[in-house]
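In this chain, residues are counted from 1 in sequence order. Quantities reported herein were computed from a predicted structural model and do not represent experimental measurements.
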Amino acid sequence: MSEVELSTRVYVKMRLHAARYPHCTVSGVLVGCRGNGCLMLCDCVPICHLSPPLALSLEVALTQIDSWSNLQGMFIAGYYQANSGLKDISPTYTALRSASLITEYQEDAVLLMMNNEHLSLNTGVPPLTVLHQNSSKEWVPKEKTLVMWGHWEETQRITRQLLKAKAYRHLVDFDAHLDDIRADWTNQDLNVEIARLAAAANGSA
C-alpha cells in the first residue's frame, strides 16, 4: 500500500470548487506523479457541479484531462467529491464508479471525500477522507499514516486568503467549460495565484 501526498494546490482548488457551488455536489479529477514510491497528488481538475454528472460530459472530461496531464508529465491519479448534504460524506455511485474506472489504469488511485461539516476557515485537521480500493475491490479509508500533507498550515492560510478574496468566483469546472469553451478548465490563473501566495509565505519573491 503506497503513501499518498497531497499538495497545497489540490486542497485549495477542491475547497474553492465546493465554495463556488455550495448547494451542489461537486466533483473532479486528481492529477499526480510518482516519487520515491509515493503517489503525489499535484493538481486537480474540477469537473462538475451537477448531480449526477452527465455520462457524456464525464467521458469527454476524462479524455481531455488524460491528454493534458500526460503533456505535463503527470497522470490521472484519483477522483474527489463533496456532496451537497452538510453531513453526507458517503461516496455516491458516480464517485465509486468514476474512481473504480481510474483504478483500471492506476491501481493505487484514490478517492477523496470532503467533509462539508468541517469545511470551516480554521480547520485543525484536513476535512476529508482518503479512500483506496482494497483487494476485494471495496473502497475503504486509507491508513492515516500513509497520507501526508505538505505544509498544512500554509495550505490553510492560502485557502483563507483566496476564500476571503472570493477567488472561487473565477474557478472553472468542466461543466462551465462546456457552456463556454473559452473558459479554462485547467484554471492556470488560479494556479499562478496559489504559487504566488505560497512563494510569499516562504519569503520568496
J.: I'd like to check the side chain to side chain contact (heavy atoms under 4.5 Å, CB included) partners of L162; sequence neighbours left out, ordered by chain and number.
T.: V12, L16, I158, A167, L190, E193, I194, L197
J.: Keeping the roles fixed (side chain from N116, backbone from K87), state whether a donor-acceptor pair exists under 3.5 Å.
T.: no
J.: According to side chain to side chain contact (heavy atoms under 4.5 Å, CB included), who are the partners of D189, at least two apart in sequence or on a separate chain?
T.: none
J.: Shortest non-hydrogen contact from P46 to Y80?
T.: CA-OH, 3.3 Å
J.: In the single-linkage hydrophobic clustering (I, L, V, M, F, W, Y; side-chain heavy atoms under 4.5 Å), do I65 and V26 co-cluster?
T.: no
J.: Examine distances only and state if a side-chain atom of N70 and a backbone atom of D66 form a donor-acceptor pair shorter than 3.5 Å.
T.: yes
J.: Using the side chain to side chain contact (heavy atoms under 4.5 Å, CB included) criterion, which residues pair with Q64? Sequence neighbours excluded.
T.: V60, F174, W185
J.: For T129, give me all partners under side chain to side chain donor-acceptor pair (under 3.5 Å), at least two apart in sequence or on another chain.
T.: none
J.: With sequence neighbours excluded, tell me which residues meet side chain to side chain donor-acceptor pair (under 3.5 Å) with S84.
T.: none
J.: Would you kindly confirm whether V172 and L163 end up in one hydrophobic cluster when ILVMFWY residues are joined by side chain heavy atoms under 4.5 Å apart?
T.: no
J.: Between V110 and L30, is a side-chain contact (heavy atoms from CB on, under 4.5 Å) present by the stated rule, with each step listed?
T.: CA-CA 9 Å; V110 295; L30 303 164; 4.0 Å; yes
J.: Would you check, one step at a time, whether the test side-chain contact (heavy atoms from CB on, under 4.5 Å) holds for D175 with Y21?
T.: CA-CA 12 Å; D175 280 341; Y21 303 101; over 6 Å; no
J.: OG/S2 to CG/D108 distance, rounded to the nearest 0.5 angstrom?
T.: 4.0 Å
J.: Taking all heavy atoms of I102 and all of G78, pick out the closest pair and write down the distance.
T.: CD1-O, 3.4 Å
J.: Of the non-hydrogen atoms in A18 and A82, which two are nearest, and what is the gap between them?
T.: CB-CB, 4.4 Å
J.: Might you point out which heavy atoms bring V10 and L41 nearest each other, and give the distance in Å?
T.: CG2-O, 3.4 Å
J.: Is the number of heavy atoms from other residues, nucleotides or ligands under 6.0 Å of E153 CD greater than 12?
T.: no
J.: Would you say W139 and S100 are linked by a side-chain donor-acceptor pair, where the criterion is simply a distance under 3.5 Å?
T.: yes
J.: How many angstroms lie between atom CG of L39 and atom CD of E5, to the nearest 0.5 angstrom?
T.: 10.0 Å
J.: Enter the distance from L111:CG to Q133:CD here, rounded to the nearest 0.5 Å.
T.: 10.0 Å
J.: Suppose we screen for salt bridge (Lys or Arg N to Asp or Glu O under 4.0 Å). Which residues come up paired with D179, at least two apart in sequence or across chains?
T.: none
J.: So which heavy atom on A95 is nearest to which on Y79, and how close?
T.: CA-CE2, 3.8 Å
J.: I'd like to know whether CG of L71 has more than 12 heavy-atom contacts from other residues, nucleotides or ligands below 6.0 angstrom.
T.: yes
J.: Quick one: CD on Q106 to CD1 on I76, what's the gap to the nearest 0.5 Å?
T.: 9.0 Å
J.: Looking at CD of E138 and CG of L131, how far apart are the two atoms once the value is rounded to the nearest 0.5 Å?
T.: 12.0 Å
J.: Let me confirm one number: the CG-OG distance from L112 to S27, rounded to the nearest 0.5 Å.
T.: 12.0 Å
J.: For P22 and A19, which heavy atoms make the closest approach, and how far apart are they?
T.: CD-O, 3.3 Å
J.: Mind checking side chain to side chain donor-acceptor pair (under 3.5 Å) for R157 and listing every partner two or more places apart, or none if nothing turns up?
T.: none
J.: Output, in order, the C-alpha distance, side-chain angles, deciding distance and verdict of side-chain contact (heavy atoms from CB on, under 4.5 Å) for L6 and M148.
T.: CA-CA 6 Å; L6 290 85; M148 299 178 291; over 6 Å; no
J.: Whether the Q81 and T92 side chains hold a donor-acceptor pair (N or O, under 3.5 Å, no angle test) is what I'd like checked.
T.: yes
J.: Taking the side chain as every heavy atom from C-beta outward, state whether Y11 and T159 have any atom pair closer than 4.5 Å.
T.: yes
J.: Could you check N83 against I89 for side-chain contact (heavy atoms from CB on, under 4.5 Å), going step by step and ending with a plain yes or no?
T.: CA-CA 7 Å; N83 293 330; I89 59 173; 5.6 Å; no
J.: Holding to side chain to side chain contact (heavy atoms under 4.5 Å, CB included), I want the full list of residues that pass it with C33, two or more places apart in sequence or in another chain.
T.: M40, C42, M74
J.: Quick one: list whatever passes side chain to side chain donor-acceptor pair (under 3.5 Å) with T186, sequence neighbours left out.
T.: D184, Q188
J.: So, using salt bridge (Lys or Arg N to Asp or Glu O under 4.0 Å) as the criterion, who are the partners of D43 when residues are at least two apart?
T.: R9, K13
J.: Have Q156 and R15 got a donor and an acceptor in their side chains that come within less than 3.5 Å?
T.: no
J.: How would you list all residue pairs meeting side-chain hydrogen bond (donor to acceptor under 3.5 Å, both in side chains) that involve residues 162-173, not counting sequence neighbours?
T.: H17-D173, H49-D173
J.: Output all residues satisfying salt bridge (Lys or Arg N to Asp or Glu O under 4.0 Å) with R182, sequence neighbours left out; order by chain, then residue number.
T.: D180
